[in-house]
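Worksheet: one structure, shown below.
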Amino acid sequence: MEHPLHIYNTADRKKEQFIPLHSPFAGMYVCGPTVYGDPHLGHARPAITFDILFRYLSHVGYKVRYVRNITDVGHLENDADQGEDKIAKKARLEQLEPMEVVQYYLNRYRTAMEALNVLPPSIEPHASGHIIEQIRMVKEILDNGYAYESKGSVYFDVEKYNQKYHYGKLSGRNIEDMLNTTRELDGQEEKRNSVDFALWKKASPEHIMRWPSPWSDGFPGWHLECSAMSKKYLGDVFDIHGGGMDLIFPHHECEIAQSVAAGGKETVRYWMHNNMITINGQKMGKSLGNFITLEELFLGKHALLEQAYSPMTIRFFILQAQYRSTLDFSNEALQAAEKGLGRILEAFDNINKIPVSQQSSADIKTLKQQCYDAMNDDLNTPIAISHLFEAVRQINSALAGQITMTTEDISELQTVFQTFLVDIMGIKNEVKDGNAAYESFAKAVDMLLGMRMQAKLNKDWATSDKIRNELTALGFEIKDTKDGFEWKLNK
RNA sequence: GGUUCCUUGGCCGAGUGGCUAGGCACCGGUCUGCAAAACCGUCUACGGCGGUUCGAAUCCGCCAGGAACCUCCA
């Protein structure tokens with residue numbers, strides 16, 4: 001490859017060339033959702049970001065194993081030790097078996113991801129299905145002396161670990177600062193140190209999610225599942241670990257500490273973190289209650305939404321920002337994405353209508369390489385999209401007869417759009433793709449517009465405008481061309 | 001308070017020393033029965049104040065404003 005992929009590694013805060021440990025294989029682990037609520041716009045960002053990475057790595061020839069976990073136990077409601085398990089709380093509130101809660105929201109998550117054209121990962125392990133692995137890891141950490149048991153629970157000994165290693169290296173913190181700034185919390189008497197975190201928690205009598213262990217009937221700490229499952233499916237050392245920036249501390253910091261404490265070495269070679277989606281400049285999140293669920297976006301059912309936004313509009317909106325930048329939600333920005341996406345899809349659709357010429361006055365020789373360069377530069381999708389828009393202008397110019405293209409030009413455009421827009425960025429035409437009835441439907445519209453053509457020939461503007469206006473009101477965009485008409489359905 | 005980071009034209013967003021993306025909106029033109037779309041053109045910005053440099057949105061300092069993390073959150 002001329003311009004190999006570089007990705008930004010949070011661990012040393014710079015872009016580095018991506019060289020997998022065992023080429024042509026590449027392994028990636030991404031922190032998935034805690035399934036206790038409907039997926040919201042914030043969940044779409046990492047899902048799409050790492051979907052792009054998954055698709056791109058596959059495209060350039062790697063055999064990728066993509067693991068994204070499902071957190072269905074251990075993620076506590078308040079602080080790491082005293083809060084109620086998120087799943088268990090939801091189950092109590094809704095009077096359901098915890099696994100019913102998990103299944104219900106997992107189904108909804110998957111439906112939303114499918115709508116966004118996010119490919120399913122290679123493996124989606126559940127934390128609750130890997131209790132044995134997690135218990136084994138706790139034992140290893142205990143055996144190595146970096147954890148201690150206290151009243152049936154097991155805690156990671158951060159201070160001891162920090163004597164030999166650096167707890168806080170990923171987030172750029174040091175233990176002294178944390179000791180000074182960590183609030184006094186209730187119920188910390190079990191821990192030697194306020195910065196220690198739970199590896200295993202003894203379940204209180206009313207706690208329903210519990211498993212037997214050498215220390216107590218209880219459940220694993222939140223950070224443990226990712227360490228245990230990434231190791232199981234990707235090995236002691238693997239290439240990429242991703243997630244939202246808000247997980248850097250403490251979650252990923254703890255993962256590093258657990259893995260090093262258990263196995264003596266760091267497991268992750270490249271840490272990648274997507275930035276947040278903001279709303280009025282503030283992080284969109286569950287705790288702030290300022291989130292909009294994906295279903296609400298798709299249906300336009302939320303007080304902040306002026307209209308519905310299709311899944312592809314959401315996807316395109318997210319791809320128009322680099323994944324490490326914050327992205328601010330607004331109706332105006334979403335509407336701009338919707339319009340831009342429509343323009344790009346229409347041009348893609350029209351490539352095969354470009355008249356073939358012997359001479360080329362188009363400039364598309366560098367297009368493909370420019371797109372690769374953009375993707376290779378830490379997945380810079382907005383730049384890749386900007387190159388596609390340059391191509392859109394050329395496609396439209398060729399259709400308008402202002403520039404000429406050869407067969408080679410046209411087929412190159414087809415290839416580039418198919419590769420980057422469809423295969424890598426995962427954009428599809430929601431109206432047409434996978435719609436078996438589309439052809440019949442399209443012919444019916446053609447028939448109506450044929451009748452309008454006849455009315456126009458008769459200078460019957462009343463009938464002509466009536467057909468056009470009513471179709472427009474239904475969401476169609478009607479265009480008269482010099483020898484006919486064109487239409488599309490705006491979603 | 002600590003750590004990390006951000007501030008680009010009406011809006012969204014790229015861009016890490018010179019060649020000053022892209023989208024949306026707006027305005028003017030071409031085309032059209034009228035439109036729409038398209039094309040062409042216009043608008044050319046980098047929070048403030050200093051500094052480094054032949055040259056800075058881009059490097060350094062100070063100031064102002066904002067955010068994330070430090071407790072669950074993608």
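Just so it is clear: chains get the letters A, B, ... in the order the sequence lines come, proteins before strands, and each one is counted from 1. Just so it is clear, the model here is predicted, and its values are computed rather than measured.
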Please write out each protein N/O paired with an N/O of nucleotides 37-41 of chain B under 3.5 Å, distance rounded to 0.1 Å.
residue	atom	partner	partner atom	Å
B:rA37	O2'	A:Lys479	NZ	3.0
B:rA38	O3'	A:Asn396	ND2	3.1
B:rC39	OP1	A:Asn396	ND2	3.2
B:rC39	OP2	A:Arg343	NH1	3.2
B:rC39	O2'	A:Gln402	OE1	2.4
B:rC39	O2'	A:Gln402	NE2	2.9

Report yes or no: is the cationic atom of A:Lys456 (NZ for Lys, CZ for Arg) under 6.0 Å from the centre of the six-membered ring of A:Phe485, at an angle within 45° of the ring normal?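 Relative to the ring axis of A:Phe485, which defines the angle, A:Lys456 lies outside at least one limit.
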Could you give the distance separating [M] and [N] at their [atom1] atoms, to the nearest angstrom?
N	M	atom1	value
B:rG1	B:rG18	P	37 Å
B:rC60	B:rG17	P	12 Å
B:rC12	B:rG2	C1'	33 Å
B:rG29	B:rC34	P	14 Å
B:rC39	B:rC5	C1'	42 Å
B:rU8	B:rA67	P	14 Å
B:rA45	B:rU58	P	15 Å
B:rU42	B:rC26	C1'	10 Å

Using a cut-off of 4.0 Å on non-hydrogen atoms, how would the nucleic acid contact of [X] be classed: base, sugar-phosphate, or nothing?
X	answer
A:Met245	nothing
A:Gly42	base
A:His40	base

What does [N] pair with, Watson-Crick or G-U, if both distances are under 3.5 Å?
N	answer
B:rG47	B:rC63
B:rG33	none
B:rU3	B:rA68
B:rU58	none

Step-by-step salt bridge (charged side-chain N to carboxylate O under 4.0 Å, His left out) determination, A:Arg173 to A:Glu253: CA-CA 10 Å; A:Arg173 293 156 205 261; A:Glu253 205 72 74; 5.4 Å; no
On RNA chain B, check which nucleotide each of A:Gly244 and A:Thr481 is closest to and give me the residue with the more 5' one.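 Between the two, 5'-proximity favours A:Thr481.
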Atom pair distance, as rounded to whole Å: [atom1] in [X] and [atom2] in [N]:
X	N	atom1	atom2	value
A:Ile48	B:rA74	CD1	P	15 Å
A:Asn469	B:rA35	CG	P	13 Å
A:Phe249	B:rA74	CZ	P	18 Å
A:Gln370	B:rG22	CD	P	12 Å
A:Glu338	B:rC24	CD	C1'	11 Å
A:Met453	B:rG33	CE	P	12 Å
A:Glu390	B:rG23	CD	P	7 Å
A:Met113	B:rA74	CE	P	11 Å

Parallel, tilted or perpendicular, judged at 30° and 60°: which one describes the rings of A:Tyr167 and A:Phe249?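 Geometry flag for A:Phe249 against A:Tyr167: perpendicular rings.
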Mind telling me whether A:His251 and A:Trp222 have parallel, tilted or perpendicular rings, with 30° and 60° as the class edges?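 The arrangement is parallel - the two ring planes meet at less than 30°.
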If we ignore hydrogens and angles and just use 3.5 Å, is the side chain of A:Asn290 paired with the main-chain N or O of A:Lys283 as donor and acceptor?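 Looks like yes, one N/O pair under 3.5 Å.
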Between A:Asp38 and A:Leu294 (side chain of the first, backbone of the second, donor and acceptor by atom type, cut-off under 3.5 Å), is there such a pair?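 No.
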Is there a side-chain contact between [X] and [Y] (heavy atoms, below 4.5 Å)?
X	Y	value
A:Lys202	A:Val154	no
A:Met405	A:Ser357	no
A:Glu338	A:Ser310	no

Identify which nucleotide among [options] has an atom closest to any side-chain atom of [X], counting heavy atoms from C-beta outward.
X	options	answer
A:Arg452	B:rG2, B:rA74, B:rC34	B:rC34
A:Pro250	B:rA74, B:rA21, B:rC70	B:rC70
A:Phe389	B:rC11, B:rG2, B:rG23	B:rG23

Does the ring of A:Trp461 meet both stacking tests against the six-membered base ring of B:rG33: centre distance under 5.5 Å and plane angle under 30°?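 Base of B:rG33: stacked against A:Trp461.
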A:Lys432 and A:Asp349: salt bridge (charged side-chain N to carboxylate O under 4.0 Å, His left out), yes or no, with the steps? CA-CA 11 Å; A:Lys432 280 187 184 175; A:Asp349 229 27; 2.5 Å; yes
Check whether the ring centres of A:Tyr372 and A:Phe420 lie less than 6.0 Å apart, and answer yes or no.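 Yes.
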Would you tabulate the pairs of protein nitrogen or oxygen atoms and nucleotide nitrogen or oxygen atoms of nucleotides 13-15 of chain B closer than 3.5 angstrom?
residue	atom	partner	partner atom	Å
B:rG13	OP1	A:Asp328	N	2.8
B:rG13	O2'	A:Gln320	O	3.3
B:rA14	OP1	A:Gln322	N	2.5
B:rA14	OP1	A:Ser325	OG	2.9
B:rA14	O3'	A:Asn380	ND2	3.2
B:rG15	OP1	A:Asn380	ND2	2.9

Between the side chains of A:Ser227 and A:Gln258, does any donor sit under 3.5 Å from an acceptor?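 Yes, side-chain donor-acceptor contact under 3.5 Å.
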